[in-house]
2 protein chains.
Amino acid sequence: MTNLKQIAAELSLSVTTVSRALKDGPEVHPATIARVKEVAQRVGYVPNHHGFALKTGRTLTMTAIYPMETKDHLSDLLKLPLIEGMTLAARQAGYSLSIYSTTPDDDPIESVQRQLQAGSTDGLIITRMVSGDPRVKLLLDRGMPFVAFGRTDLDTAYPYVDIDNEQIAYEATRRLMDKGCRRIALQLLVPGDQASAMRLSGYGRAMAEAGIPIDQSLIGHGMFTMESSAAWFDRMLAWSDPPTGLACANELGLLGALHALGRRGLAPGSDIHIVTRDSTRLSRFLPAKIGVHFVDIAGVGRKLVEVLESRIANPIGPVATVLFKGEFDPGE
Amino acid sequence: MTNLKQIAAELSLSVTTVSRALKDGPEVHPATIARVKEVAQRVGYVPNHHGFALKTGRTLTMTAIYPMETKDHLSDLLKLPLIEGMTLAARQAGYSLSIYSTTPDDDPIESVQRQLQAGSTDGLIITRMVSGDPRVKLLLDRGMPFVAFGRTDLDTAYPYVDIDNEQIAYEATRRLMDKGCRRIALQLLVPGDQASAMRLSGYGRAMAEAGIPIDQSLIGHGMFTMESSAAWFDRMLAWSDPPTGLACANELGLLGALHALGRRGLAPGSDIHIVTRDSTRLSRFLPAKIGVHFVDIAGVGRKLVEVLESRIANPIGPVATVLFKGEFDPGE
DNA sequence: CTTGACAATCGTAACGTTACGATTGCATCC
DNA sequence: GGATGCAATCGTAACGTTACGATTGTCAAG
């Protein structure tokens, strides 16, 4: 591992001049800059991360707090394109992305505090926003740059990137109504999180417009595994008045529901209609007629990094808020 | 952000003593240790990562090099449990895990060299091993601790965790033969990688045992998206003598194949039989009779971290090599 | 010839941590 | 009472980097 000192020694220059030359400092003679860069290139000099971080306070690291809904089960395929989008964008922006996994046992606030105290990151990507999320105030107060994947219902302005879950659920419900459905079941993910609240809101708006009262028993919470989705939908199918429409939370919810349906020899398209949100295009490869909202989650990942990057560069600038719309494909 | 100096000032001790006290140094008076720890606790002291790293050379960071087969498409669901297993285990071991994404444009060797030169990681997790993989020698020569996800055909001993792809493909092929299949198609992932070579080897062994000559046109390379798998299988189904058995590379390959089958009104179970490897249990929720090899990929991720951790702790110790077997479920 | 301006380079200190050797105080021993 | 040993603590230097102010040399203007 080479350092500035070695380059300086080789050229009989001071460490200072070498340091400046490598960042094209105007005080350094152009010819010297060229010589320094030539040697740096030749010996494969790469700045030492920790020396830089210690001196400047900039760590060139972003941390994504990654919540796992369960310890063992697959919980949302969305995470795959999200991670791919984030890691690739972070790398291209010159940051390394550290992933801090949390289980349901972990306190979300404590996870953030830990990152704050450790001081080993320039910025945080937080997800799974809840109503009145206390992490926002905490991070703003401490001046730690961050971006949230998801909005919340605070007065405070803060940077976020979100999916328009309200619109997606509204449109999904409307599409099901267009098919003639009136008893429409809705899958929600983690109870209490903002994404689910928005879905519920969009669903409620569509139902209200159509004058259909909401039947709470049609709303499924905690549908973040194929198993839970299948069991929930299976119970409903046994009712005397089963739902005729279903809005799934995501690909896994869809797979679970299709599984329950298939076991009874049913398929979506005639008696029952299904729509879902999809971030992997996986639903398009299933042998079933389903309406799909595609959302560009890799794009969300890239945007999160981009917003966080500008936030780190200018922590007191205006906050960016970005909303990704879903694109509906009726799947006929 | 508090540091040792502040704690030292508060207790009128030297920084040295505080540093030692926090790691229970035997030279420090027990009562002093208690006082120091009490203050550290109260002010929320967390050691500064970069100061520590600069001084000791230990970064407490592991880096996983994460290859993306394509820039845009979902390429293997295996990555999700792998990342979850790795990140969680790394965190529990006191390391942070950095993910370095690479695209097909990136040179794998250069990616490793970059990590070596940057010196900002204690150890590397490399994947997608190829025949005679030059990264192994490079890392061994430079003394950088690492662990590979996958074996390769080198004489050199090096630590790895792998899935027994040879056995899985062998057993998959045998199972298909038990169903009466003789024309058996095989899906392989990245051309040239070792996992695919092992699959091919296991397939070849089973075919040889059964005395069936290998038809190269039944072997599909580059089947790492649902799209490519569907297109490939669709072409085969149009033949006058289509395959009667198919061994899929993974869940996505399976989805693609089922899609192609479904469009022709066919389903696995009678004319054609399908087996696949699965790391998400997703195939069990599909409305199709397929044999499945389950592999505990989250366990692989945890094991990778565990092996790397012991490698970092003792870089010249014996190399651990771990093989994960698949568990077959005929899916009747 | 002196002064001033300017370009180019240098030296020192500091970020927070740990390793090493030095120092202090105190009891014990001959 | 001075030497010895030991426990507890301290001071300094170093890891690699950057920021700041200082220093050198050159050249033109007065």
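These numbers come from a predicted model, not from an experiment. Each chain gets a letter, A, B and so on, in the order the sequences are listed, and its residues count up from 1.
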Task: side-chain hydrogen bond (donor to acceptor under 3.5 Å, both in side chains) against R42(B), all qualifying residues, sequence neighbours excluded - done: E10(B)
Task: Test side-chain hydrogen bond (donor to acceptor under 3.5 Å, both in side chains) applied to D72(B) - qualifying residues, sequence neighbours left out - done: none
Task: Selection residues 124-160 of chain A - residue pairs positive for ring-ring contact (aromatic ring centres under 6.0 Å, His included), sequence neighbours left out - done: Y158(A)-Y160(A)
Open item on the list: Going by ring-ring contact (aromatic ring centres under 6.0 Å, His included), name the residues that satisfy it together with F324(A), two or more places apart in sequence or in a different chain.
Closed with: none
What nitrogen or oxygen pairs link the protein and nucleotides 6-8 of chain C at under 3.5 Å?
none

Task: R114(B) with D106(B): basic N within carboxylate O range, under 4.0 Å - done: no
For residues 306-313 of chain A, run the donor-acceptor check on the side chains, cut-off 3.5 Å, and write out each pair with its distance to 0.1 Å, sequence neighbours left out.
residue, atom, partner, partner atom, Å
E306(A), OE2, K303(A), NZ, 3.1
S310(A), OG, V307(A), O, 3.0
R311(A), NH1, G317(A), O, 3.1
R311(A), NH2, P315(A), O, 3.0

Open item on the list: Give me each pair satisfying ring-ring contact (aromatic ring centres under 6.0 Å, His included) with a member in residues 27-54 of chain B, each pair once, sequence neighbours excluded.
Closed with: H50(A)-H50(B)
Task: With Q41(B) via side-chain hydrogen bond (donor to acceptor under 3.5 Å, both in side chains) - residues at least two apart - done: none
Open item on the list: Using five base pairs at each end to define the local axes, how bent is the helix from dC1(C)-dG30(D) to dC30(C)-dG1(D), to the nearest 10°?
Closed with: 80°
Open item on the list: Protein within reach of the bases, or only the backbone? For nucleotides 13-20 of chain D, mark each nucleotide 5' to 3' as B, S or -, using heavy atoms under 4.0 Å.
Closed with: -BBBBBBB
- [ ] Check whether any side-chain nitrogen or oxygen of T17(A) sits under 4.0 Å from OP1 or OP2 of dT9(C), and answer yes or no.
- [x] no
- [ ] Please collect all ring-ring contact (aromatic ring centres under 6.0 Å, His included) contacts where either partner lies in residues 71-113 of chain A, sequence neighbours excluded, each pair once.
- [x] none
Open item on the list: For K5(B), give me all partners under salt bridge (charged side-chain N to carboxylate O under 4.0 Å, His left out), at least two apart in sequence or on another chain.
Closed with: none
